[in-house]
Amino acid sequence: MKRILLIFNVLAIGVVSCKKQGCTDPLAENYNDKADKDDGSCTYAVATAASPTPILPTYTGEFGVLVGIKTVTTTSTPIGNIDTELGTGVAIFSQDGGATNLPAGTLTVTSGNSKTLTLNSNNSYVYTPSTTDVTGIDYTGSSVVWTASGGTWPSFTATANQGFGTVQSISSGDVTVSSSYDLTCNGVSNADSIYYAVYGPSGSKIILKAGNTSSHTFSASDLSGLGTGSGFV
């Protein structure tokens with residue numbers, strides 16, 4: 001009897017049900033309506049306080065205001081913290097409580113370097129750093145000297161020798177609005193006054209204290225209207 005050996009090479013094709021992974025929560029910022037398996041990647045919007053608005057003084061009658069502003073930004077790097085300073089300046093002159101401003105000619109501020117402020121169309125003055133002058137006014141000199149050539153407002157030279165106040169880093173941690181919060185920094189020097197402020201998504205609380213203080217306690221009632229989420233101290 002002749003025997004026939006049949007040898008079959010069989011290609012088996014299988015269909016595997018593959019679920020597309022992604023964020024399946026429609027309330028999330030990165031919701032994927034094509035995903036049918038949640039991969040834990042959902043992110044959600046967090047209520048965030050608006051950046052703090054600078055606190056400005058108010059005046060009446062005849063006055064001139066010269067403001068030197070030094071901003072120090074600390075960046076954390078693998079080799080340690082690096083501080084970057086940015087210097088700007090603003091000025092206004094008025095005889096009617098600030099309803100209108102008066103020109104004072106060419107206005108220059110001198111400290112570690114010398115910069116001329118720009119006269120705006122409303123007769124206010126401002127110095128704005130640029131891409132070719134990224135650090136602006138250098139306030140490292142022992143004094144800050146303002147000089148105006150004179151216009152409707154007469155010429156003058158004014159010198160400030162106090163220097164700039166210094167506030168060390170805040171060391172008191174995050175805010176819990178249901179309890180009191182001690183806003184504490186490591187030290188304040190060369191300041192005649194200091195604002196302590198907490199900003200939340202729904203409001204803010206600000207207090208002015210003497211420049212030799214390094215902390216202030218906000219009560220739970222002070223913080224109750226700030227809201228929850230991200231903010232500033």
Under 3.5 Å donor-acceptor, [X] side chain and [Y] backbone:
X	Y	answer
Tyr181	Leu223	no
Thr110	Ser114	no
Ser94	Thr100	yes
Ser149	Thr106	yes
Asn123	Asn101	yes
Ser215	Thr184	no
Asn190	Phe164	yes
Tyr139	Thr88	yes
Thr176	Ser178	no
Ser111	Gly141	yes

In Å, rounded to the nearest 0.5 Å, how long is the span from [atom1] of [X] to [atom2] of [Y]?
X	Y	atom1	atom2	result
Asp96	Thr60	CG	OG1	11.0 Å
Leu102	Ser124	CG	OG	12.0 Å
Lys205	Tyr199	NZ	OH	12.5 Å
Glu85	Thr71	CD	OG1	9.5 Å
Gln162	Asp192	CD	CG	5.5 Å

Heavy-atom pair with the smallest gap, counting every atom of [X] and [Y]:
X	Y	value
Ala197	Ile206	CB-CG1, 3.7 Å
Asn161	Ser143	OD1-CB, 3.0 Å
Pro129	Gly87	CG-O, 3.9 Å
Ser41	Asn30	O-ND2, 2.8 Å
Tyr196	Thr213	OH-O, 2.8 Å
Ser180	Thr217	CB-CG2, 4.2 Å

Pairing residues for Asp138 by the salt bridge (charged side-chain N to carboxylate O under 4.0 Å, His left out) criterion, not counting sequence neighbours: none
Partners passing salt bridge (charged side-chain N to carboxylate O under 4.0 Å, His left out) against Asp182 (at least two apart in sequence or in another chain): none
Decide whether [X] and [Y] are clustered together by the hydrophobic rule: side chain heavy atoms of Ile, Leu, Val, Met, Phe, Trp, Tyr closer than 4.5 Å, transitively.
X	Y	result
Ile207	Val177	yes
Phe232	Val175	no
Leu107	Val126	no
Tyr125	Leu66	yes
Leu86	Ile69	no

Side chains of Lys115 and Asp133 in contact at under 4.5 Å (non-hydrogen atoms): yes
Test item: Ile137 and Tyr127 side chains (from C-beta on) under 4.5 Å apart, heavy atoms: yes
Asp174, CG atom: more than 12 neighbouring heavy atoms under 6.0 Å: no
By side chain to side chain contact (heavy atoms under 4.5 Å, CB included) - contacts of Thr75 (at least two apart): Thr73, Thr77
Plane angle bin for Phe93 and Trp153 - parallel if under 30°, tilted between 30 and 60°, otherwise perpendicular: tilted
side-chain hydrogen bond (donor to acceptor under 3.5 Å, both in side chains) between Ser219 and Asp222, intermediate numbers included: CA-CA 5 Å; Ser219 67; Asp222 289 334; 3.2 Å; yes
